[in-house]
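Contents: one structure, followed by commentary.
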Protein chains: 2
Amino acid sequence: MAKAENIPAPAVRRLSLYLRQLEIFSAADHRTVSSRQLGEALCISDAQVRKDLAYFGQFGHPGIGYRVAELIPRVRHILGTDKKSNVLLVGVGNLGRALISFRGFIKRGFDVVAVFDKDPEKVGAIVAGPIPLRIQPLSEMPTTVRQYAIRVGILAVPAIAAQGVAEEMIAAGIRGILNFAPVTLQVGPEVGVASVDLAVHLEQLSFQLTALSTAAT
Amino acid sequence: MAKAENIPAPAVRRLSLYLRQLEIFSAADHRTVSSRQLGEALCISDAQVRKDLAYFGQFGHPGIGYRVAELIPRVRHILGTDKKSNVLLVGVGNLGRALISFRGFIKRGFDVVAVFDKDPEKVGAIVAGPIPLRIQPLSEMPTTVRQYAIRVGILAVPAIAAQGVAEEMIAAGIRGILNFAPVTLQVGPEVGVASVDLAVHLEQLSFQLTALSTAAT
DNA sequence: CTATGTGAACAGCTTCACAGCG
DNA sequence: CGCTGTGAAGCTGTTCACATAG
């Protein structure tokens, strides 16, 4: 076991993958799972799996492996997803709409309970989703954040507006931002940011392909 | 400069970010940019920026920095995004629809030119987007891939179907997959995979927040 | 005999610091 | 004098190999 700050970031990333895979094994009625099985399913070495899990505690049973039903709740607790949590979303464009109706969030314990947009034309409209939501103006964010105890926000606004909106979110009390705008947000150390740049991922694939065809010696 | 296989993967990831930022500087009429300016905008050290760019060639001018108008096309060429490329998408659910109408892809040189779905009820329907597209059955994929010279596909189907559909994509000639399904795809080494798991990102933020509040000693 | 947990060895990425060029 | 390009140093994450437990 180790203090949170000593745990490598990649290990935390993989922890989510372990949980995902454990749930798959659980659905397939596996009682126990070895580090090797877990690793093979995720293309990770068995040593890596053991080391990663060991950062967070002693979960395994020598000779047996990891008991699925025991490990899942432990990992959920570590990730803080053992309780449901409320999130908000800013930016009801194409992407925003899709994210609101995305079922994968609920499945993992995240409920989108409020949505905001700068455009006065959109404010007041109802957007469909797991729960129908009224689009609110940004000015209501501080109140709503307190009311629903929201800590995490999804940012799906155009690049040009992203930094400004992020600052409003932080001022409203948000402490974690999932950013879909193609910009690097400048935030203080008290705020966590995870960025998803869809175009960047395509560029990575494009590079791999051109690199491969160039390397055809 | 170095061979493609010697370049660290993180350097390639950052290369996309440099391009994004260079375009921002270009729009702001900066003629030249130093490694320090580029780094500050992206929260990366200046040494890192120089080393990364040096992996791909000698682009800088001592005493001056990097000429924006010169570097942008070079980086685009390295990433293989100096020419437009056609991509396809499989899975016309909520997320799929949003990705089809997502403008960010076009802006970076990727055109979604064909969409597929397994559901016979959906096949034949037209989906709106930059170009209206007819939803095709998977059986037409090999032909369409050849016709449009498609190399990269976006996978936006449910987790349970993802591995099977990925295999069909590869059989049809796809060599790069942008995967939105929450599973680890098992593919051969000739295929590139980039995975985006939206829930995993939220879990990372959740962990950071719980770790922070726990560390409040 | 199987499978974990872990110190030690290793590899790879990042930072440093400076030579060299404009 | 400013800023790049780069070997060398430093550091962090991964792999190895084995003691240990069931």
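So you know, we letter chains A, B, ... as the sequences are listed, proteins then strands, and number each from 1.
Here D/dC16 presents its C1' atom at 10 Å from CG of A/D46, a figure rounded to the nearest Å. Computed from coordinates, the B/K51 NZ to C/dA17 P distance equals 14 Å when rounded to whole Å. A/Q48 has its CD atom 14 Å from the C1' atom of C/dC10, to the nearest Å. When the P atom of D/dC3 is taken as reference, atom CZ of B/R50 falls 10 Å away, rounded to whole Å. Distance A/Y55 OH to C/dG7 P: 11 Å, rounded to the nearest Å. Rounded to a whole Å, the CG atom of B/L53 is 12 Å from the P atom of D/dT6. For A/D52 and D/dT12, the CG to P distance is 17 Å, given to the nearest whole Å. Atom CD1 of B/I7 is separated from atom P of C/dT14 by 13 Å (rounded to the nearest Å).
OP1 or OP2 of C/dT6 sits under 4.0 Å from a side-chain N or O of A/Q58. The shortest distance between the side-chain N/O atoms of A/S34 and the OP1/OP2 oxygens of C/dA3 is not below 4.0 Å. A close approach under 4.0 Å does not occur between any side-chain nitrogen or oxygen of B/S35 and OP1 or OP2 of D/dC3.
Taking both residues in full, the closest heavy atoms of A/A199 and B/F110 are given as O-CE1, 4.4 Å, listed atom of the first, atom of the second, then distance.
Closest to the side chain of A/P62, from the set D/dC3, D/dG5, C/dA3, is C/dA3. If you check C/dT15, C/dC13, C/dG5 against the side chain of B/P8, the one that comes closest is C/dC13.
A heavy atom closer than 4.0 Å to some atom of DNA chain D occurs in B/G63, B/I64, B/G65, B/Y66, these being the qualifying members of residues 63-73 of chain B.
Counting heavy atoms from C-beta outward, B/P8 and B/Y55 have side chains that approach closer than 4.5 Å. Considering only heavy atoms from C-beta on, B/R50 comes within 4.5 Å of B/D46 through its side chain. With contacts defined as side-chain heavy-atom distances shorter than 4.5 Å, the pair B/F102/A/L198 qualifies. In this structure the side chain of A/I72 reaches within 4.5 angstrom of the side chain of A/E23, judged on heavy atoms. Looking only at side-chain heavy atoms (C-beta outward), B/H61 and B/E70 come within less than 4.5 Å of each other.
Place A/H61 and A/P10 on DNA chain D by their nearest nucleotides, and A/P10 ends up nearer the 5' end.
Looking at A/Q163, its side chain does come within 3.5 Å of a backbone N or O of A/Q186 through a donor-acceptor pair.
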